[in-house]
Amino acid sequence: MAVSMTLPGLLAAQVSLVGPRSGFVFDEIRGEVRPVIGEPGGAYLGRAVALEIAPKQMEIRNGGAIAIAIAEADGAPSAWRVTGLADGAPELLPLGPATRVELDPAGRMALLFTEETVRLVTGLEKEPVPGPEVALASLPGVLSPAQGAVAFQHEPGCAIAAARSENATALVMLCADAPGEPRVARWLEGVDIARMIYLEAQGGLWMADRTAARVLRVHGAPDSGELETMAEGVSQAAGIQAVSRDEVAVAQEDGWLAIVSIRERGVTGYLELPALPDRLDYLVPGRILVCTRLRRDPVLVIDLGQDRASFFIPMPGGAR
């Protein structure tokens, strides 16, 4: 069954966020972090949080409990762990050189990239443990420049990155027990991964293959699980995220959110998005999905607790 909502319907949707402050979003244009203040049908962005750094990239998890920011330090880009956003007194901990970060949805691990290296950092929720730098040139392919072509498996504590090589993609794993020794979990012939995520409750590693416009799943362990086609006709994926135990959503760059059924192995519904999605992340874990970031105004949000109604969060001062 296909479901679509027009722009007026989206603007009029009566939904609510959880509590007076439900999470934080990063404004890439202004380099600011702003809290999302929620009231039924009238969510808005609060005053920017004061930080000691000027972030160029920021990934925020668990409603603001933990974040990783990329900012200049002594003339070079570096990564910082940020905690305490929700308390209004953020604390920063330097993690070392980085030009880009991929952060675990649970906020426990991250991959820090420079132009030439990648490094696994674990223990972010407690005491960060940075691993050694791994030369990108030593990997069996080119890591996708697209945000989201990385997944995290909590047990045994590994990051999985897609390394593209001509007509195949290698799933490269960096694990906490040997963070400086990447290994190839498997080769995927004829596959070019646009986005992927590890969803334990939904059976394993989910991937959007741009070559064949399909959604794949490695059921079980990434190195030995069965490779399955979960849906076809899903192209230009901008993000993947679980929306229930039996469903996974794939945000498409053409403005549609495809709902993939695990039981039926196919797309069973669509939500029409009036703005092109950049990514698909949680604002409130398990409930509020953010489909666009603040590069474009406004921010589109889907409330999974209110019949998947959607609404906009405008920027202070109007659209830019």
Side-chain angles (χ1 to χ4, degrees), residues 18-19 21-26 33 36 57-70 79-87 90-93 95 98 100-113 118-131 147-162 171 173-177 179 185 195-207 217-218 220-222 225 239-245 247-251 279-291 293 301-302 304-305:
V18 180
R21 179 185 295 159
S22 60
F24 294 81
V25 291
F26 177 56
V33 180
V36 176
Q57 181 195 352
M58 195 162 187
E59 301 298 324
I60 305 170
R61 300 291 184 266
N62 297 337
I66 193 164
I68 301 291
I70 302 295
W80 306 76
R81 186 192 69 174
V82 183
T83 56
L85 285 175
D87 300 328
E91 297 182 1
L92 279 65
L93 179 69
L95 297 176
R100 180 169 70 88
V101 60
E102 290 281 358
L103 180 57
D104 166 28
R108 302 178 190 175
M109 300 180 283
L111 282 181
L112 302 182
F113 292 85
V118 61
R119 183 158 46 106
L120 176 67
V121 181
T122 57
L124 287 171
E125 75 279 20
K126 297 178 182 178
E127 295 293 331
V129 180
Q147 292 279 73
V150 168
F152 295 90
Q153 184 182 11
H154 293 152
E155 295 295 336
C158 298
I160 309 166
L171 297 181
M173 300 184 70
L174 286 84
C175 298
D177 58 356
R195 294 290 188 272
M196 67 179 179
I197 187 172
Y198 190 89
L199 300 170
E200 183 175 359
Q202 286 73 27
L205 182 65
W206 288 73
M207 302 168 287
R217 179 179 70 172
V218 177
I240 306 175
Q241 189 54 264
V243 293
S244 72
R245 192 172 186 87
E247 293 177 318
V248 171
V250 180
R279 300 187 67 177
L280 197 59
D281 292 323
Y282 274 114
L283 177 65
V284 177
R287 183 174 178 203
I288 307 292
L289 283 172
V290 178
C291 288
R293 305 170 80 186
V301 173
I302 295 178
L304 301 179

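What you are looking at is a predicted structure, and each value in this text was computed from that prediction instead of being measured.
In this structure, the side chains of Gln153 and Met173 come closer than 4.5 Å at one or more pairs of heavy atoms. Residues Tyr198 and His154 form no side-chain contact, since every pair of their non-hydrogen atoms from C-beta on lies 4.5 Å or further apart. Using a 4.5 Å cut-off on side-chain heavy atoms (C-beta onward), Arg195 and Val250 make no contact. Here the side chains of Leu171 and Leu205 are in contact, with some heavy-atom distance below 4.5 Å.
Between Ile240 atom CD1 and Arg217 atom CZ the span is 12.5 Å, to the nearest 0.5 Å. Separation of atoms CE (Met207) and CD1 (Ile197) is listed at 13.0 Å; rounding is to 0.5 Å. To the nearest 0.5 Å, the span separating CG on Leu103 from CD1 on Ile66 amounts to 7.0 Å. Here Ile68 contributes atom CD1 and Gln57 contributes atom CD; the two are 10.0 Å apart, rounded to the nearest 0.5 Å. Distance check: Leu112 CG to Arg119 CZ gives 5.0 Å after rounding to the nearest 0.5 Å. With rounding to the nearest 0.5 Å, the separation of SG in Cys158 from CG in Asp104 is 11.5 Å.
For Leu111 against Val150, the heavy-atom pair with the smallest separation is CD1-CG1, 3.8 Å. When all heavy atoms of Asp177 and Pro179 are compared, the closest pair comes out as C-CD, 3.8 Å. Nearest heavy atom pair, residue Ala176 against residue Leu120, reads N-CD2, 3.9 Å. Listed here is the closest heavy atom pair of Ile70 and Ala98: CG2-O, 3.5 Å. When all heavy atoms of Phe152 and Glu102 are compared, the pair lying nearest together is CZ-O, 3.3 Å. The minimum heavy-atom distance linking Leu85 with Ala67 is given by the pair CD1-CB, 4.4 Å.
Residues passing the side-chain contact (heavy atoms from CB on, under 4.5 Å) test with Pro128 are Arg81, Leu93, Leu95, Val121, Leu124, sequence neighbours excluded. Judged as a side-chain contact (heavy atoms from CB on, under 4.5 Å), and not counting sequence neighbours, the contacts of Glu125 are Arg108.
Judged purely by atom type and a 3.5 angstrom limit, Glu59 has no side-chain atom pairing as donor or acceptor with the backbone of Pro105.
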